[in-house]
Amino acid sequence: MTGPGASPAGRPRVFLVDDHHLFRAGVRAELGGTVEVVGEADEVAAAVDMIVERRPDVVLLDVHFPDGGGQAVIEAVRKETPDVRFLALSVSDAPEDVIAVIRAGARGYVTKAISGPDLVDAVHRVAAGDAVFSPRLAGFVLDAFAGMPAPPDAPTTVDPELDQLSSREREVLRLIARGYTYKEVAKELSIATKTVESHVSAVLRKLQLSTRHQLTYWATERRLV
Amino acid sequence: MAKRFRIDSTLVRIAFVVAAVIGGFGFIAYLAAWLVMPMEGQTRSIGARAVRDRHGMLLSLAFLPALIAVLIVGAGLHLGFVTSMAWPVFIGAAALVLLWRNTDAEERAWLRAAAEPVVHFGSPSRRQRRWFVLRIVAGLVVFAVGVAVLLSLQQPHPATTVRPIGGVLLVVVAIVVLFGPWWLRLLRDLIAERQARTRAEERADMAARVHDSVLQTLAMIQRSAEQPQKVVQLARAQERELRAWLFDGDLPGTAADGATSLAAAVQSIALEVEAVHEVAVDVVTVGDCPLDDRLHALLGATREATVNAAKWSAASTVSLYAEVEPARASVFVRDRGRGFDPDAVADDRRGIAESIQARMVRQGGRAILRTALGEGTEVELRMPRKKDR
């Protein structure tokens with residue numbers, strides 16, 4: 001299950017941000033020769049400096065670490081170099097963390113339990129500009145967008161499209177939540193893998209651009225349940 | 001009869017009932033068909049046999065004087081409806097006599113079962129028989145009085161409102177006295193049948209539970225016979241669960257640990273399976289709702305499917321996805337393990353059939369199994385939700 005490897009160099013340049021040294025070593029080993037690891041950092045300030053300086057294709061970053069975590073890194077870096085892509089990699093399953101890092105601009109979210117080949121695949125996808133949804137993220141998104149109509153007091157300037165998932169997008173997310181890979185989703189729905197990717201990217205865009213308050217509200221609310 | 005048309009007998013009957021309601025001709029057609037067509041395995045039809053039955057013919061002719069009497073009385077009293085009803089009743093009675101004499105043993109048993117309470121003469125108890133005669137006589141007397149009262153209205157009497165009502169009441173009472181016990185018995189049969197069905201369902205439910213807990217544990221014990229420590233642990237856990245079920249009424253294999261919502265219960269199933277079977281269970285839940293009977297069944301099936309995946313698939317991860325929508329709750333249990341051939345499962349392995357499929361179906365849901373050798377397994381469970389009260 002190797003990715004398309006559509007990045008310019010063939011081997012995407014990857015930067016690792018995580019406060020656990022052992023974990024970074026583990027990820028490095030798992031990525032092996034399929035990517036070029038151009039550096040790693042364990043705290044926000046150092047990470048931002050090095051990423052801006054080295055311009056990697058993909059930044060693999062943890063969600064939780066001191067001084068603002070992954071979200072702070074993404075926000076700082078995007079001001080300087082908007083084309084760097086981020087893939088969140090975390091043990092945290094708290095929806096507010098996941099939604100926050102996605103809304104900050106990460107192109108995807110995978111859990112640390114992900115298998116080596118799947119991680120490689122995810123990195124390649126992000127490098128190629130696609131979105132990567134783990135089953136859990138797909139579940140979160142379905143939950144957040146489930147049956148909630150736009151708030152009545154929402155500003156009318158907001159594109160209502162952004163507050164809803166199309167039925168196809170919903171289908172795709174459901175299959176991902178059930179543990180299907182993009183390839184399997186494509187087979188199941190009889191569409192091209194590329195189409196699956198574009199659906200997922202569309203969902204990601206909605207997730208990032210939707211101005212509805214519920215999204216944040218839902219994420220915080222859900223943790224209390 | 002339906003055999004001849006190669007269609008379902010119920011359909012034929014429904015068609016005839018509809019026809020009978022519309023025109024009355026259908027009923028006659030049905031009877032005619034029954035009479036003319038031979039049953040399976042018989043060369044001559046009932047009708048053919050009946051025609052040869054001289055004695056039966058004479059018996060049914062005995063109804064003729066009664067018919068004439070009724071017709072005369074009806075005509076004399078200007079009761080059009082009596083006359084119009086007399087013919088069909090006569091023909092029906094005569095036909096019944098002929099049919100009874102010529103039906104085969106099976107049909108006769110059926111007819112007798114249907115008519116027995118009305119014609120109680122076959123009953124062994126003398127007292128019952130005397131009581132029956134008494135009932136018939138009393139019923140007929142009351143019926144006659146009622147009819148008489150109604151008929152007297154036809155005479156140029158000053159009509160009061162009390163009389164017709166009284167007459168109708170008497171007739172109704174008579175009918176109740178005559179047929180009441182029969183109705184009661186039919187009702188009792190119906191209730192008894194329903195109870196029997198409920199009991200059968202309970203038994204099946206219990207079998208599913210025993211399979212989930214006890215049989216699964218026994219299978220685990222066989223597989224870990226080399227590790228005495230684990231066997232002891234399994235046996236102890238099973239004993240605790242069984243005791244809780246038998247003595248405290250806690251259902252095993254349902255929402256463990258007192259979880260009260262679907263998402264929480266699914267999570268606890270995942271934790272439990274992870275702990276016992278040493279595989280990773282990835283849980284994704286969308287939406288949530290409180291538990292009820294149906295969802296307990298859904299959870300039972302979920303647990304069974306997850307345990308199966310953990311035990312047999314040899315996959316390191318099992319994906320568990322639960323979604324609650326307004327109209328239904330769905331659970332998907334997926335593994336990328338070795339898969340299996342559903343047709344090759346031995347008949348005595350009841351896990352999928354009983355603990356998953358039958359359990360879902362009993363509560364109105366369904367279970368779909370997708371698997372093939374080498375391609376992993378996915379169990380899809382869907383349960384409609386009860387309407388919120």
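Just so we're on the same page: letters track the sequence lines, and every chain starts at 1.
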Say you draw a straight line from CG of A:Asp143 to OG1 of B:Thr285; how long is it, rounded to the nearest 0.5 Å?
6.5 Å
State the OG-CZ distance between B:Ser319 and A:Arg136, to the nearest 0.5 angstrom.
10.0 Å
Partner residues of A:Asp42 under the salt bridge (Lys or Arg N to Asp or Glu O under 4.0 Å) criterion, sequence neighbours left out:
none
Just one of B:Val284, B:Val283, B:Leu320, B:Asp282 clears the side-chain contact (heavy atoms from CB on, under 4.5 Å) bar with A:Pro135, so which one?
B:Val284
side-chain hydrogen bond (donor to acceptor under 3.5 Å, both in side chains) partners for B:Arg366, two or more places apart
none
Contacts of A:Glu184 that satisfy side-chain hydrogen bond (donor to acceptor under 3.5 Å, both in side chains) - sequence neighbours left out
A:Thr181, B:Arg334, B:Arg336
Identify the residues of residues 321-329 of chain B whose heavy atoms come closer than 4.5 Å to a heavy atom of chain A, ordered by number, or report 'none'.
B:Tyr321, B:Glu323, B:Glu325
